[in-house]
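Here is the structure we will look at, set down as structure tokens.
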Number of protein chains: 2
Amino acid sequence: MSVRRTSQREIILQELQKSRQHLTADQLFRVVRKKMPRISLATVYRNLELLSETGLIAKLEVSGRQRRFDSEVVGHDHVTCVQCHRVENVFLEGMKEDCPSHGVVDGYTIKGRRLEFFGLCPRCQKKNKVPKGDATMGCGCGCAKKMLTDEQKMVLQAMADFHGPCVAKDIAAATGLEAKLVTGKIADLKKQGFVDSPVRCKYGITADGRTAIKG
Amino acid sequence: MSVRRTSQREIILQELQKSRQHLTADQLFRVVRKKMPRISLATVYRNLELLSETGLIAKLEVSGRQRRFDSEVVGHDHVTCVQCHRVENVFLEGMKEDCPSHGVVDGYTIKGRRLEFFGLCPRCQKKNKVPKGDATMGCGCGCAKKMLTDEQKMVLQAMADFHGPCVAKDIAAATGLEAKLVTGKIADLKKQGFVDSPVRCKYGITADGRTAIKG
DNA sequence: ACCTAACTGATAACTATTACTAAATCAAGC
DNA sequence: GCTTGATTTAGTAATAGTTATCAGTTAGGT
Ligand SMILES: [Mn+2]
Ligand SMILES: [Mn+2]
Ligand SMILES: [Zn+2]
Ligand SMILES: [Zn+2]
């Protein structure tokens with residue numbers, strides 16, 4: 001029998017193709033769950049693996065800790081924005097000879113290559129030029145900015161009151177919230193650009209964050 | 001005060017430079033521990049991070065799940081052997097223009113690039129040509145082949161008796177060994193090429209494996 | 001309709017890395 | 001040389017992402 005056709009597999013492939021992006025398993029899970037609320041994250045992983053084995057999609061090893069998946073399987077390269085971490089396609093012409101994906105390099109029989117560029121995407125370049133003001137509008141990089149919950153506001157406020165970088169437990173102490181919960185909130189706020197981490201383990205409120213709690 | 005000079009840091013840097021390889025934190029930990037048995041893995045991680053921040057070494061993001069570190073910091077690229085996973089340097093001439101590490105690509109301001117080739121190293125090419133026979137000699141890729149322990153032999157034998165791919169608990173049942181221990185043994189044997197995994201979760205003995213238990 | 005290998009959701013386990021803590025250590029200033 | 005305090009350490013817990021396991025479900029060939 002080998003490979004079966006299941007509704008889970010179909011939706012996973014369909015949604016990855018529809019997105020036209022380079023999604024992580026987790027991101028795709030969140031998308032697929034809207035259509036199929038009882039699907040498991042393990043199923044998403046299992047099928048992404050299987051689909052890439054059969055060549056319908058491509059596993060993408062880009063920098064960062066999360067693997068991404070690509071519905072575009074013909075050979076191309078990628079560029080990662082160092083600020084918003086968006087991954088986009090790069091099609092380089094006339095590079096095949098100079099930067100070969102097959103052939104021999106230093107005695108190795110080359111079967112493939114991976115080329116990844118790092119830089120600032122046009123959106124982030126533009127955003128960095130905006131001196132101040134409508135920071136709450138977001139970075140324009142597709143990361144939809146949601147309303148802040150009361151707890152998120154509490155965390156941000158505590159961070160604003162705290163002068164200098166602080167660790168999660170400082171915020172837990174200041175807000176009275178559970179430390180574990182605070183860690184999660186900080187991660188969310190960091191994704192939204194309201195918090196950054198100047199040093200590992202230490203967090204601080206950003207200009208965007210200050211604007212957000214003022215409004 | 002900022003950065004201090006500690007014996008741990010010195011040895012870590014020294015051993016990475018001496019190795020002239022692209023070691024993982026764990027590999028380096030094992031090397032360093034020979035000179036400083038009480039050092040902690042966390043210390044190795046911390047110092048590799050710090051040394052790469054100060055520019056004395058380079059963090060290397062190659063494929064595979066483990067990060068590697070490079071004592072060679074001047075710009076160069078890498079080639080990974082798909083069989084033995086060895087990482088070696090590649091210095092490509094005349095590529096800087098065609099395959100730029102700075103400049104503009106599709107509107108992005110490029111700050112860097114990563115180029116990684118995949119292929120078979122000369123050692124593995126040679127090994128693959130050997131038709132049969134001295135498979136127990138190893139792949140010659142530096143992964144020293146050790147003697148098999150009695151438990152490892154038990155696992156291999158059980159796998160040989162078991163026709164077709166089996167899961168870890170099949171082996172546990174057949175050998176009477178603890179399932180957890182069996183999982184570990186299988187992982188080891190797989191690294192040594194005596195076991196492979198045709199399907200996820202399922203394992204089978206390889207030709208090399210059969211030779212190993214005959215001897 | 002029946003059968004069974006393939007698949008699923010749920011959850012545990014695993015691996016690589018990072019965070020935390022109390023104790024130890026380095027080096028600047030006396 | 002001694003004091004002092006910021007850094008660093010060993011040990012360990014916690015985390016994130018992924019993979020393994022398992023009991024029950026389903027696709028699809030007969
Ligand atoms: Mn792509
Ligand atoms: Mn190198
Ligand atoms: Zn961006
Ligand atoms: Zn090799």
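Below, read A as the first sequence line, B as the second, and so on, with proteins coming before strands; counting in each chain starts at 1. All values below were derived from every heavy atom in this structure, side-chain atoms included, with hydrogens, water molecules and symmetry-related copies excluded.
In this view, B:Thr24 and B:Asp26, B:Gln27, B:Gln66, B:Arg68 satisfy the side chain to side chain contact (heavy atoms under 4.5 Å, CB included) rule, not counting sequence neighbours. Under the rule for a side chain to side chain contact (heavy atoms under 4.5 Å, CB included), the partners of B:Thr54 that lie at least two apart in sequence or sit in another chain are B:Leu50, B:Leu56. Residues passing the side chain to side chain donor-acceptor pair (under 3.5 Å) test with A:Gln21, sequence neighbours excluded: none. Partners of B:Thr6 by side chain to side chain donor-acceptor pair (under 3.5 Å), not counting sequence neighbours: none found. By the side chain to side chain contact (heavy atoms under 4.5 Å, CB included) test, A:Ser52 pairs with A:Ile57, A:Lys59, sequence neighbours left out. Under the side chain to side chain donor-acceptor pair (under 3.5 Å) criterion, A:Arg67 pairs with no residue, sequence neighbours left out. Take B:His85 and apply the side chain to side chain contact (heavy atoms under 4.5 Å, CB included) test, not counting sequence neighbours, and it matches no residue. Every residue meeting the side chain to side chain donor-acceptor pair (under 3.5 Å) condition with A:Glu10, not counting sequence neighbours, appears here in chain and number order: A:Arg5.
Within the structure, every pair that satisfies the ring-ring contact (aromatic ring centres under 6.0 Å, His included) test and touches residues 2-44 of chain A, not counting sequence neighbours, is listed here: A:His22-A:His78.
Contacts between residues 12-19 of chain B and DNA chain C, defined by a heavy-atom separation below 4.0 Å, involve no residue at all.
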Taking N or O atoms only and anything under 3.5 Å, show me the protein contacts with nucleotides 16-18 of chain D, one pair per line.
from   : atom 1 : to      : atom 2 : distance (Å)
D:dG17 : OP1    : A:Gln66 : NE2    : 2.9
D:dT18 : OP1    : A:Arg67 : N      : 2.7
D:dT18 : OP2    : A:Tyr45 : OH     : 2.3
D:dT18 : O5'    : A:Tyr45 : OH     : 3.4

What N/O pairs connect the protein and nucleotides 23-26 of chain D at under 3.5 Å? Give each pair on its own line.
from   : atom 1 : to     : atom 2 : distance (Å)
D:dT26 : O2     : A:Arg4 : NH1    : 2.6

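Taking side-chain N and O atoms only, A:Arg46 has no distance below 4.0 Å to OP1 or OP2 of D:dT19.
The 5' end of DNA chain D is approached more closely, in terms of each residue's nearest nucleotide, by B:Ser7 than by the other of B:Ser7 and A:Ala42.
For the pair B:Arg113 and B:Glu61, the salt-bridge criterion is not met [side-chain N within less than 4.0 Å of a carboxylate O].
Each of C:dT8, C:dA10, D:dT8 was ranked by its minimum atom distance to the side chain of A:Arg9; first place goes to C:dT8.
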